[in-house]
Structures are given as structure tokens and as C-alpha cells.
Amino acid sequence: MKKSLSSIAVLFLSCALLFAQESEAAGGTEESPVTQESVPALLSGIWQNDDRYVVFNTGYFSSESGRAIATFVLRTFYQWYDDRPAESTEYAADFARDRNDAETEKVEIVELHFTPLTDELFLQSYQQPVTQEDGDALFAETANSGAWDMEIKFAGRKLGGVDSYHIPIAVIGDKLYLNFAIKVEDSDSVPQSSLLNGITIQSENLLEGYWQDVGNANGILIAPPVTSTELLSYYITNDAVYHIRYWRTDMEYDAEAQALFTDGDKTYHVPKHLRVADNVYTCTLGRRTRIRNIDKSAELPQSHVLNTVLVEKHLTDANGVASSYTVRTATICAFGEPYLTLLDGQSLQEIVTTNNARRHPPVKPLFPPHGILDFDWSIIEDPPASYDRRMLDLGK
């Protein structure tokens with residue numbers, strides 16, 4: 001009996017070794033490499049404002065998720081010191097961090113994931129058109145532009161009770177905005193005609209249409225930002241701007257749901273629900289579809305910047321004659337001042353090294369320089385006869 005069991009064990013072991021050898025030969029023991037997620041080209045470079053530097057496309061990626069690892073540099077102490085709280089461990093190994101009370105002991109690993117909100121458009125000189133299913137080619141006219149929902153994830157930890165949060169961002173040229181609205185590309189609203197061959201046309205008002213508010217974060221931070229509980233979208237016509245308020249809700253998101261409002265004999269339809277930064281917003285209560293108390297103005301309530309988009313359209317008439325024309329439109333409307341601007345020139349490490357090598361000028365003296373004191377010592381050495389009298393008279 002023992003001999004039989006031993007034979008079975010030897011046979012089992014041989015089969016196991018053979019299976020392991022076959023698996024190794026077939027590469028079964030090798031782990032498949034993690035796919036690295038790309039960063040939008042328009043976000044390359046160093047972005048800055050008065051209190052921070054941000055680098056999205058650092059060239060470093062998470063070995064587990066494949067997501068890009070961002071770099072944040074905080075310009076602390078009234079811009080007299082650059083703190084490096086968030087960067088990749090590889091970068092920290094190549095460029096030693098300072099050890100002081102301003103620097104964190106360990107770097108924060110911040111991973112990025114981008115979901116497009118609009119097409120990433122480049123000037124025609126780049127020769128990188130965005131081609132739609134119907135053959136239309138999209139270009140930026142005056143400045144490259146794009147918008148994304150950026151998810152920031154803290155690797156292996158939670159800050160503020162969450163391990164990730166969403167920040168919608170938009171780029172127009174060398175400026176990055178957090179407060180903006182987007183519109184669906186509407187070049188198809190222009191009637192097709194071979195008479196338009198070779199020309200560029202646009203509607204009288206590039207702002208005309210429905211603009212969805214998607215910007216609701218107060219900053220690109222290494223801590224969860226403050227996000228709006230309300231959004232303000234706009235429906236714009238040639239002679240009016242309608243303000244449509246959305247508020248955060250726990251309703252189930254329905255992309256097909258529509259709401260409406262009226263102005264005189266005119267009726268306008270807009271989405272009832274919005275999904276922004278992983279939150280759901282609504283403009284009506286419950287199952288209602290009519291929007292009440294719409295605010296109306298003659299123009300947008302704040303300064304704004306539009307991207308301009310060129311849509312090349314091609315058609316063939318009944319006789320087989322091909323023609324093409326271009327429609328000018330807009331897909332991003334950014335409000336107010338940009339949050340970040342693109343910085344040219346030095347590398348981030350050169351900037352940090354230069355800034356931290358500066359020394360604050362010495363504190364100004366409490367009393368201004370007085371030069372050589374010219375004191376009459378005779379008052380001490382030979383006081384006047386009436387000295388005591390003068391002292392007694394003081395205060396009378």
C-alpha cells in the first residue's frame with residue numbers, strides 16, 4: 001500500500017513539473033505590462049499661478065494603474081520657498097528634496113486620469129484634424145483648445161475621507177480654466193449647399209445655443225477641493241441669455257430626460273440632468289419637466305473667452321460634383337481669469353533651485369540711520385546754574 005501511494009506521489013510531482021515547464025515556455029508566468037494612460041498633449045509643460053506650479057505630463061506613470069503621476073510645487077511663505085509635496089518617487093530619488101519644517105516627510109503620489117469633455121483641437125498648421133463619423137474635419141482657428149474631466153487619485157491613502165476627486169478643466173491657448181461651459185459642436189445647423197464651396201461661414205452669434213456648466217472646483221489641489229452644490233448653465237439666443245440653475249441631487253441620472261421653459265410663444269428644451277465631476281445635478285423637482293423662475297439677461301453676467309472651431313464639411317451634389325466649405329463655431333466658453341498659465345523656458349527643477357537659493361532681504365531697522373551723534377556734553381560736565389530749577393519747572 002505504501003509503495004502504491006509513493007508511486008502516485010511521484011507521478012503527481014512529475015505532472016506538476018511538466019505543467020510548470022510548459023507554462024514557463026509559453027510565458028504564462030510573466031505578468032502582462034500595465035498600459036500607460038496618455039496625458040492630453042495640450043497639458044504638456046509647466047503650468048503656474050501665484051501659489052503653485054503644476055506638471056501634468058511628467059513622464060512618470062504608476063506601475064500598478066498605469067496612470068500619469070503629476071507634480072505639484074507650492075509657492076509657500078509669500079513665494080519665498082517652493083515646497084515639493086507631490087511628485088513621483090523616481091523624481092524624488094533623482095532630485096533630493098529638502099529636509100526642513102516646510103517640506104513633507106514623504107511625497108504624495110497623485111495619479112491622473114482624463115475623460116474628454118470636448119475634442120482636443122489643434123491649429124491647421126499642426127495637420128492633426130479631428131475627423132468625425134460623417135467625414136467632417138475639426139480644427140482650432142486661433143488657439144489650440146480642449147476640455148477634460150480630470151480625476152485625481154491619491155495612491156494608497158485617503159485625504160478628506162476620499163481617495164479620488166474630479167476637476168473639470170479647459171485649455172484655450174496657453175491658459176487653463178476651471179470655470180467654463182461647453183456646447184455641442186453645431187455646424188450641422190448650417191444648411192448644406194454647393195453654393196458655399198470654398199468659403200467660411202458662421203452664425204451671427206457664436207454664443208447661440210445651450211451651454212452646459214461643467215466647471216465647479218475651486219482649485220487643482222493636493223487635497224479635495226470645494227465643489228459647487230449648484231451649477232449655472234445658459235441658453236443663449238440672438239437677443240437674450242437665459243440662466244438655468246441646476247442643483248446637486250441623488251436622483252438617478254437619465255441622459256435622455258429633457259426639461260423645458262417658455263418665453264412668450266417660444267419654448268426651449270434643455271437636459272434635465274447633468275453629470276458633472278461624478279455628481280448628478282437637476283433643474284426640476286421629481287418628475288417635473290417645466291423649469292420655473294428663469295432669469296433672463298441681455299448678455300452673460302461675467303467676462304468670457306471663446307474658443308473658435310473650424311469645421312470643414314464636404315458634400316457631393318446629384319451630379320457627382322464635390323464641394324467643400326468651412327463653418328466657424330465654438331465649443332468652450334471660459335469665464336473670468338485663467339487658473340493657470342503655461343510657462344516657457346526653464347525646467348521645473350531649475351525653477352525650484354533658483355527660487356530656493358534666494359534669500360529674503362534683511363529687516364529694515366526700527367529707527368532710520370542717524371549718522372554721527374552731535375551731543376553737547378557741556379550740559380553734563382558743566383550744568384547751568386538754573387539746571388535744578390528747570391527740572392522742577394517740568395510738568396508745570
Side-chain angles (χ1 to χ4, degrees), residues 38-49 54-57 68 112 114-150 167-190 192 196-215 220 234 236 300 302-315 323-344:
S38 61
V39 177
L42 293 183
L43 294 177
S44 298
I46 303 172
W47 298 83
Q48 69 163 354
N49 61 18
V54 179
V55 181
F56 304 100
N57 192 1
L112 304 179
F114 298 91
T115 302
L117 298 176
T118 67
D119 292 315
E120 184 178 16
L121 301 178
F122 299 89
L123 299 173
Q124 289 181 313
S125 59
Y126 285 67
Q127 298 183 353
Q128 298 181 29
V130 173
T131 305
Q132 298 179 331
E133 292 182 357
D134 58 2
D136 292 349
L138 277 63
F139 297 91
E141 182 179 23
T142 57
N144 300 332
S145 64
W148 305 266
D149 174 63
M150 180 175 66
I167 300 179
I169 60 175
V171 171
I172 301 178
D174 59 354
K175 296 177 175 56
L176 185 148
Y177 297 86
L178 300 183
N179 185 12
F180 65 99
I182 61 174
K183 184 179 70 171
V184 177
E185 185 269 301
D186 58 357
S187 62
D188 289 338
S189 62
V190 177
Q192 294 186 355
L196 302 175
N197 187 35
I199 67 174
T200 299
I201 61 175
Q202 74 173 48
S203 62
E204 295 181 1
N205 185 1
L206 286 178
L207 283 170
E208 188 173 354
Y210 172 71
W211 290 90
Q212 176 190 324
D213 185 3
V214 292
I220 301 177
Y234 300 99
I236 302 178
L300 288 169
Q302 53 185 319
S303 61
H304 62 276
V305 176
L306 287 174
N307 73 332
T308 49
V309 181
L310 297 178
V311 184
E312 290 186 354
K313 307 182 77 68
H314 304 270
L315 58 89
S323 60
S324 64
Y325 59 96
T326 302
V327 178
R328 180 183 292 108
T329 184
T331 57
I332 302 174
C333 181
F335 302 106
E337 296 297 322
Y339 177 71
L340 297 171
T341 56
L342 189 60
L343 179 66
D344 295 328

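Taking all atoms of both residues into account, the shortest heavy-atom contact from Ala334 to Phe180 is CA-CB, 3.8 Å. Shown here for Phe114 and Leu43, the closest heavy-atom pair between the two residues is CE2-CD1, 3.3 Å. The shortest non-hydrogen separation linking Gln124 to Glu312 is NE2-OE2, 3.2 Å. Closest approach of Ala41 to Phe122, counting heavy atoms only: CB-CZ, 4.0 Å. Minimum heavy-atom separation, Val39 to Ala68: CG2-CB, 3.4 Å. Taking each heavy atom of Cys333 and Trp211 in turn, the nearest pair found is N-CZ3, 3.5 Å.
In this structure the side chain of Thr341 never reaches within 4.5 angstrom of the side chain of Leu343, judged on heavy atoms. Using a 4.5 Å heavy-atom threshold, the side chains of Ile46 and Leu342 count as separate. Contact annotation: the side chain of Ile220 approaches that of Leu340 to within less than 4.5 Å [non-hydrogen atoms, C-beta and beyond]. Between Arg328 and Glu141 there is a side-chain heavy-atom pair separated by less than 4.5 Å. The shortest distance between side-chain heavy atoms of Ile332 and Tyr177 does not fall below 4.5 Å. With a 4.5 Å cut-off on side-chain heavy atoms, Val55 and Trp47 do not count as touching. In this structure the side chain of Val305 never reaches within 4.5 angstrom of the side chain of Phe335, judged on heavy atoms. In this structure, the side chains of Val311 and Thr326 stay at 4.5 Å or more apart for every pair of heavy atoms.
Separation of atoms OG (Ser145) and CD1 (Ile172) is listed at 6.5 Å; rounding is to 0.5 Å. From Leu138, atom CG reaches atom OG1 of Thr331 across 8.0 Å, with rounding to the nearest 0.5 Å. Here CG of Leu178 is found 8.0 Å from CD1 of Ile169. Values are rounded to the nearest 0.5 Å. Rounded to the nearest 0.5 angstrom, Leu117 CG and Met150 CE are separated by 11.5 Å. One finds the CG atom of Asp119 at 12.0 Å from the CZ atom of Phe139 (value rounded to the nearest 0.5 Å).
Every side-chain hydrogen bond (donor to acceptor under 3.5 Å, both in side chains) that Glu185 has, sequence neighbours left out, goes to Gln132, Ser187. In terms of the salt bridge (Lys or Arg N to Asp or Glu O under 4.0 Å) criterion, residue partners of Asp136 (sequence neighbours excluded) are, by chain and number, Lys313.
Panel note: side chain Glu120, backbone Leu42; a donor-acceptor pair is recorded below 3.5 Å. Not one N or O on the side chain of Asn307 forms a donor-acceptor pair closer than 3.5 Å with the backbone of Ala330. With hydrogens and angles ignored, the 3.5 Å screen pairs no side-chain donor or acceptor of Lys175 with any backbone N or O of Glu337.
For the 3.5 Å distance criterion, the side chains of Asp186 and Thr329 qualify, holding a donor opposite an acceptor.
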(message) Run Leu315 and Ser324 through side chain to side chain contact (heavy atoms under 4.5 Å, CB included) and show every step you take.
(response) CA-CA 6 Å; Leu315 58 89; Ser324 64; over 6 Å; no
